[in-house]
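As the structure lists them, so they are numbered: ligands from 1, and atoms in each ligand from 1. Each residue takes its place number in the sequence, starting with 1.
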Amino acid sequence: MNRIIYLNGEFCSETDAKISIFDRSFLFSDSVYEVTTVLNGKMIDFDNHMKRLDRSMSELKFSKMLDHELIKKFHKDLILKNNLKEGIIYLHVSRGVADRSFNFPPKETDLTVVAFSQEKNLIENKESKNGISIMTLEDKRWKRCDIKTTQLLYPSFAKAEAYEKGFDDAWMLRDGYISEGTSNNAWIIKSGKILTRQADDLILNGITRQSVINCAKILGYNISYKGFTLTDAISADEAFITSATTFVTPVVNINGKKISTGKPGEFTGKLREEYIKNSLKTAI
Ligand code: PDD
């Protein structure tokens, strides 16, 4: 594969793209990112991804902000140039290039902006059909998980640990409560109520999570923004994850214990359908 990628205002082949070894992203993971879903060649929830990008950049005190129209234009160009029908556009913004110092570089330092496309079967895949298995482990991340930074070593470690042990993914536990998945939000359904943890500093407030909350309201489901424990999850009627790349995907097994019958749940399926229907309707 040789994609056309975007780097600092220009498009080039992925094999020609070059970034300085002094980039703050390389030396300090001093960067934020967004992942926007593409279905039928159109973007889902683009404006909400931009709002979260602004928030991440301002929480990290980036001295410059980016123009959303410009970002939209190069996202659309990437979709066209790479003939992307279904998949994602990954956007990465770093504080820029500066001699190595723990202090932030001068305010006038240009940000580094990179974006590329990835093809992926998002609607039809075995995970959404059969459900996934999850293991749990301690959440050892810093306490600003609400900022979408590229400091992803611990989630990557957790995912690799899960794979090594024969699971599809991991949910992280902090103070006895499930915080979230390695790269997704965690949900359960119990006694007719959907539970998702409150969006605070300890989880990323997923854009998919926010859309799925709307879908749940459309379908007339009760939602409670409450943390839940591993015991709650294992005894739940249904469990699922949400993210830009998984939409609503059923969880059928946690730490080797079946959730209910061990089959994808009925309400989870309805939520996924509603989410895809709404997303296709509002895509740009
Ligand atoms: N991850 N929580 C974490 C820790 C995440 O990394 C993600 C997304 C989510 C869900 O957010 P959203 O609904 O906006 O995709 C929750 C992306 C997909 C990734 O890192 O690839």
For the residue pair [X] and [Y], does the interplanar ring angle fall in the parallel (under 30°), tilted (30 to 60°) or perpendicular (over 60°) class?
{"X": "Phe240", "Y": "Trp187", "value": "parallel"}
{"X": "Tyr90", "Y": "His92", "value": "tilted"}
{"X": "Phe267", "Y": "Tyr221", "value": "perpendicular"}

Modelled atom types, side-chain donor and acceptor of Asn255 and Thr136, under 3.5 Å: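 Note: Asn255 and Thr136 side chains meet the donor-acceptor criterion.
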Any side-chain donor near an acceptor of the partner, Asn2 and Ser13, under 3.5 Å: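 Per modelled atom types, Asn2 and Ser13 side chains form a pair under 3.5 Å.
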Under 4.0 Å from a heavy atom of [X]: which atoms of ligand 1 are those, numbered in the order shown and with their elements?
{"X": "Thr182", "result": "4 (C)"}
{"X": "Tyr33", "result": "6 (O), 19 (C), 20 (O)"}
{"X": "Ser243", "result": "10 (C), 13 (O), 15 (O)"}
{"X": "Glu180", "result": "2 (N), 3 (C), 4 (C), 16 (C)"}
{"X": "Val35", "result": "19 (C), 21 (O)"}
{"X": "Asn185", "result": "10 (C), 16 (C)"}

Location of contacts on Leu152 toward ligand 1, heavy atoms closer than 4.0 Å: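 For Leu152, no heavy atom sits under 4.0 Å from ligand 1.
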Taking atom 18 (C) of ligand 1 as the reference point, the nearest protein heavy atom with its distance: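 The answer is Thr245 OG1, 4.0 Å.
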Distance from atom 13 (O) of ligand 1 to nearest protein heavy atom, with residue and atom: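 Going by distance alone, atom 13 (O) of ligand 1 is nearest to Thr208 OG1, 2.6 Å.
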Close side-chain approach of Leu84 to Ile89, heavy-atom, < 4.5 Å: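 Side chain of Leu84 against side chain of Ile89, heavy atoms only: contact under 4.5 Å found.
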Lys148, any N or O under 3.5 Å of ligand 1 N or O: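 Checking ligand 1 against Lys148, an N or O pair does fall under 3.5 Å apart.
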Polar atom proximity, Arg52 to ligand 1 (N or O, under 3.5 Å):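 Arg52 vs ligand 1: N/O contact under 3.5 Å present.
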Gln210 heavy atom under 4.0 Å from ligand 1: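 Judged by the 4.0 Å heavy-atom criterion, Gln210 does not count as contacting ligand 1.
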Side chain Glu138, main chain Arg174, donor-acceptor under 3.5 Å: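 Flag not set: sc Glu138 to bb Arg174 has no pair under 3.5 Å.
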CG on Asp200 to CG on Asp146, rounded to 0.5 Å: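 The CG atom of Asp146 sits 8.0 Å away from the CG atom of Asp200.
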Reference residue Asp110; test salt bridge (charged side-chain N to carboxylate O under 4.0 Å, His left out); the match among Arg24, Lys64, Arg95: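 Result for salt bridge (charged side-chain N to carboxylate O under 4.0 Å, His left out) with Asp110: Lys64.
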From Ala244, Ser183, Gly206 - option closest to atom 11 (O) of ligand 1 by heavy atom: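 The nearest heavy atom belongs to Gly206.
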